[in-house]
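Right, one structure below, let's go through it.
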Amino acid sequence: MKTLNKITVFTALCLLFSAFQLSAQAIVINAPEPADNPNLSGSTPWTAVCAGNSGFNEYFVNITWIGTANAGNEFILELSDASGSFANAQTLQTITDKNDVKDFDTSFAIPTDTRGEGYKMRVRSTDPEKVGSESPAYNMYYMDVTSNLNISELGDGVPPGTVCSTGPITLQVDNIANPETYQYIWFRSGTELTGETGHTLNVTQSGMYNAYIDYGPRCTGSGNTDSNIVDVTIGGSGTGIAVTAPSKTALCSTDTETLSIDQTDASWSYQWFKDDVAILGATATSYTVDASSAGFEGDYAIEISGTGICNERSTAITITNADVYEVIVENEINMVLLPTQTQTISVSTTANTPSYKWFRNGVEISGETSSSLSISQDGEYHAEVTQTGGTCSVSSKNSDVTTVVSPASFEMTIDYTDAYTSCESTSTILGVEQINAVAADGTKTDVTSALIDGFSYQWSKDGTAVSGATGNTISLASNSENGDYDLNASVDSFNVDSNMLTVQLLTSETIAITSSGTVFCSGGETITLNTTSDLSASSYEWQLDGAMVSTTDTELTVSTPGTYMLAVDRDGCSLISNEIVVTPLDEGLITLDLGDEIVMPEGTSKLVTASGGTAYRWLDTNAVEISNADSITFTEAGSYTLIASIDNCEIVKQVEVSYLDTFKVPNVITVNGDGINDQWVIPNSYSNKADVNVIIYNEQGQEIVNEFDYKNNWPQSTTAFTKQNMVFYYKIRNASEVLKQGTITVIR
């Protein structure tokens, strides 16, 4: 199964891998190669993937790699898109059991939307992460259609065999779902039509036409999609048939007009068309257009067919409606008629010299012949408009119906007309939402637009009329106006009460609380919270972290850290104060920008700034105050004290200022007990530093000192040295780097 060429390449990669001495985590993955399908007869690797016939979709590739994979590694076989890009690669297979097998075959199936000639494959590993080489491009198609196509002129699934036409026709594929999603190869008399790839074909030349679905140069033949053959004859000018000119083409509603072909032949068959659609049963040499039929207007033509001739259709004759005019109702189509009241309804029209008749409940109203009508009864009214002038006389149209009701009662609903949320909004507007006229049988008609301005109104709060509130809306802008609102409306003898709405506005007042401090300096200390707002007539509660802690203290004494606020009831709404956060004292709140150990060259100065406090005092070595600002400039070495205040608490910090040593790290010490150079003393930029690590090794590389905050105390007096001159090694480092390193010679 493996070719000589593949063995050679694999061997070369192995040699290259060894030559570069790749680490245990390195891995090289070759491009996957087509392999034989062991489940099929024969032993030939595939050269293109043509899946889908009888559901077949099983292919194999050979994968080779070198290096070392970790135990949890997976090999993932990936497929590019049709252009060869892996930007959105699809996984074909995941292999988890080949981490010790350098040469293996694996199966895969292509996705069912795979169609193209530029697909590539590659393999990547997950541990270590490595992307292998890409394969060459392959033809890959999933052929979801593997049966014969049908092409026809009408798209009705009936293969025509032959088509004869005086002009171009369109052939189309009509027997598969979503034919527009495929590409096709069209042929005329055995010659491929270059560039014709759609599911329809505009045929302008005579010939024998057929089509295939285009599954690429390697797979189309195995797709079995070749269509039927349609023999198309595109004729010359034909016999020149026409529709004899009718006496008129603009018809009135009482008219008919017979259309006829200008020549006939006993061997012909006939078909009349209206707007390019065949008229059912219209197969004679003439056709009568009846203007009393709705939608008669259109373009009429006749088509002939017969043995030995091409189908030929005449030029269309356009028939129009001479009766076209409008009747428009000028009033509301739903109206309410109150007792003793009259209403006027009217229509307008574009008819030529119109006359009018009015009807109530389908019965003509005698003597009413104008475009308007005064009514005093309920019912359903319409006007009949007759055009008595122009081309068409005595043609009539009815207007739309106007429904007029006499109500047995009214109902009215009110609502918030703007965005409103209880105990959040500080203002709102209430207004009429809808007015319905209710008939005796319970039928309701929306008459809001017609009658909203005809009612008299009175708003009430908690059952009591609100002085001056007599419009169809009421504006509320204060929590003092909170309550239950309804609206009474009256018109003529009718009186109606609306639904009730509850208004709960939040006061615009603010509640502010203050405290005697925000930090507990020590255990047992207390802080007092209070407010300037009058709580004597209010319900309220003090809250700690959202939970109630007191409902009776106008001034709250607290000893527990947390977030405090005050909630006061204002007309049923909770008014929330600002928050005060009380915390225990934390010395870390006071910080120095240069730290509390300052090293500077002698003769220079250092500016140090403190932060986190509300006041500061700087003291020198003799406890004399030298500054009360947040910053101080040191010019001399010494021990200084910072006393920082946070509210009523004080935090004390010691600041050590020293001069920068000018000597270097010594590389020789003499341990003869004379008190001079007996210990390894390093500059103070390295010694006594909690973040500096000092390490000393003996001649055998063993650690004998490993300390942070080195105190310049090595060697100890008890340290024994076995030789006259011994050499030690040291490193001085911080968390990120080695600061100094070298040797120490101990002379005894």
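- Heavy-atom neighbours of Lys130 NZ from other residues, nucleotides or ligands within 6.0 Å: at or below the threshold of 12.
- For Phe187, the ring-ring contact (aromatic ring centres under 6.0 Å, His included) criterion is met by Tyr212, not counting sequence neighbours.
- Separation of atoms CD1 (Ile302) and OH (Tyr270) is listed at 7.0 Å; rounding is to 0.5 Å.
- Side chain of Asp265 to main chain of Ser267: a donor-acceptor pair is present (N/O by atom type, distance under 3.5 Å, no hydrogens or angles).
- In the displayed structure, Glu180 atom CD is contacted under 6.0 Å by more than 12 heavy atoms of other residues, nucleotides or ligands.
- Side-chain contact check for Thr386 and Ser396: at least one donor-acceptor pair (N or O, by modelled atom type) lies under 3.5 Å.
- Looking at Thr114, its side chain never comes within 3.5 Å of a backbone N or O of Ile110 through a donor-acceptor pair.
- Among all heavy-atom pairs drawn from Gly207 and Ser189, the shortest one is CA-OG, 3.7 Å.
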Evaluation steps, ring-ring contact (aromatic ring centres under 6.0 Å, His included), between Trp46 and Phe60: CA-CA 8 Å; Trp46 55 270; Phe60 284 77; over 10 Å; no
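- Looking only at side-chain heavy atoms (C-beta outward), Ile328 and Val347 stay at 4.5 Å or farther from each other.
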Residues Tyr138, Tyr141; criterion ring-ring contact (aromatic ring centres under 6.0 Å, His included); working and verdict: CA-CA 10 Å; Tyr138 294 106; Tyr141 287 84; over 10 Å; no
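- Using a 3.5 Å distance cut-off with no hydrogens or angles, the side chains of Thr402 and Asn331 do pair a donor with an acceptor.
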side-chain hydrogen bond (donor to acceptor under 3.5 Å, both in side chains) evaluation trace for Thr64 with Asp103: CA-CA 4 Å; Thr64 58; Asp103 188 338; 6.0 Å; no
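- Looking at heavy atoms from C-beta onward, Val289 lies in side-chain contact with Leu259 at the 4.5 angstrom threshold.
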Derivation of the salt bridge (Lys or Arg N to Asp or Glu O under 4.0 Å) call for Asp276 and Arg313: CA-CA 10 Å; Asp276 292 324; Arg313 190 179 301 182; 3.3 Å; yes
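- Between the side chains of Ser165 and Asn311, not a single donor N or O lies within less than 3.5 Å of an accepting N or O.
- Between the side chains of Asn210 and Asp226, no donor-acceptor pair of N or O atoms lies under 3.5 Å.
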Derivation of the side-chain hydrogen bond (donor to acceptor under 3.5 Å, both in side chains) call for Glu33 and Asn62: CA-CA 5 Å; Glu33 296 185 3; Asn62 177 248; over 6 Å; no
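- Ring pair His382/Phe359 is parallel by interplanar angle, where below 30° counts as parallel and above 60° as perpendicular.
- Counted within 6.0 Å of CG on Asp100, heavy atoms from surrounding residues, nucleotides or ligands total 12 or fewer; the atom is thus considered open.
- Looking at every heavy atom in both residues, Glu332 comes nearest to Met335 through O-CG, 3.3 Å.
- Asp290 places a side-chain N or O within donor-acceptor distance of the main-chain N or O of Ser292, the cut-off being under 3.5 Å.
- Around the CG atom of Asn88, the shell of radius 6.0 Å holds no more than 12 heavy atoms that belong to other residues, nucleotides or ligands.
- For the residue pair Gln434/Asn436, the side-chain donor-acceptor check at 3.5 Å is satisfied.
- Inter-residue side-chain proximity for Asn30 and Ser133 is flagged as unmet; no heavy-atom pair is nearer than 4.5 Å.
- Side-chain contact check for Leu201 versus Trp186: some heavy-atom pair is nearer than 4.5 Å.
- Rounded to the nearest 0.5 Å, atoms CG (Leu79) and CZ (Arg122) are 10.5 Å apart.
- Listed here is the closest heavy atom pair of Asp323 and Cys252: OD2-C, 3.8 Å.
- There is no side-chain donor-acceptor pair under 3.5 Å between Asp262 and Thr244.
- Put simply, CG on Asn178 and NE2 on His199 are 10.0 Å apart, with the number rounded to the nearest 0.5 Å.
- In terms of modelled atom types and a separation under 3.5 Å, the side chain of Tyr182 and the main chain of Tyr215 share no donor-acceptor contact.
- For the residue pair Glu330 and Ser348, a side-chain donor N or O sits within less than 3.5 Å of a side-chain acceptor on the partner.
- For the residue pair Ser247/Glu257, the side-chain donor-acceptor check at 3.5 Å is satisfied.
- Contact check for Val243 versus Ser260: no side-chain heavy atoms found under the 4.5 Å cut-off.
- Under 3.5 Å, the side chains of Asn150 and Asn175 contain no donor-acceptor pair of N or O atoms.
- Contact annotation: the side chain of Val232 approaches that of Tyr209 to within less than 4.5 Å [non-hydrogen atoms, C-beta and beyond].
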Test log, rule side-chain hydrogen bond (donor to acceptor under 3.5 Å, both in side chains), inputs Asn70 and Asp127: CA-CA 6 Å; Asn70 293 322; Asp127 192 4; 2.7 Å; yes
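- Judged by distance alone, the side chain of Lys102 and the main-chain N or O of Gly67 form a donor-acceptor pair under 3.5 Å.
- Checking Asp174 against Ser152 by side-chain atom types alone, a donor-acceptor pair falls below 3.5 Å.
- Note: Gln93 CD to Glu78 CD = 12.5 Å, rounded to the nearest 0.5 Å.
- Around NZ of Lys397, the count of heavy atoms belonging to other residues, nucleotides or ligands within 6.0 Å exceeds 12.
- A heavy-atom distance below 4.5 Å is found between the side chains of Ile185 and Thr220.
- The local environment of CD1 in Ile333 is sparse, with at most 12 non-hydrogen atoms from other residues, nucleotides or ligands closer than 6.0 Å.
- Here Asn99 contributes atom CG and Phe75 contributes atom CZ; the two are 5.5 Å apart, rounded to the nearest 0.5 Å.
- Between Thr288 and Thr258, the side chains place a donor N or O and an acceptor N or O closer than 3.5 Å (distance only, hydrogens not considered).
- Nearest approach of Thr91 to Ile76, heavy atoms of both residues: CG2-CG2, 3.7 Å.
- More than 12 heavy atoms of other residues, nucleotides or ligands shown are found within 6.0 angstrom of CD on Gln263.
- Closest heavy-atom contact between Asn73 and Ala69: ND2-CB, 3.7 Å.
- Between the CZ atom in Arg115 and the OG1 atom in Thr112 there is a gap of 9.0 Å [rounded to 0.5 Å].
- Side-chain atoms of Ser147 and Thr225, non-hydrogen and from C-beta on, never get closer than 4.5 Å to each other.
- Trp272 contributes a side-chain N or O that, together with a main-chain N or O of Ala284, makes up a donor-acceptor pair within less than 3.5 Å.
- In this structure, Pro111 and Leu92 approach most closely via the heavy-atom pair CD-CD2, 4.0 Å.
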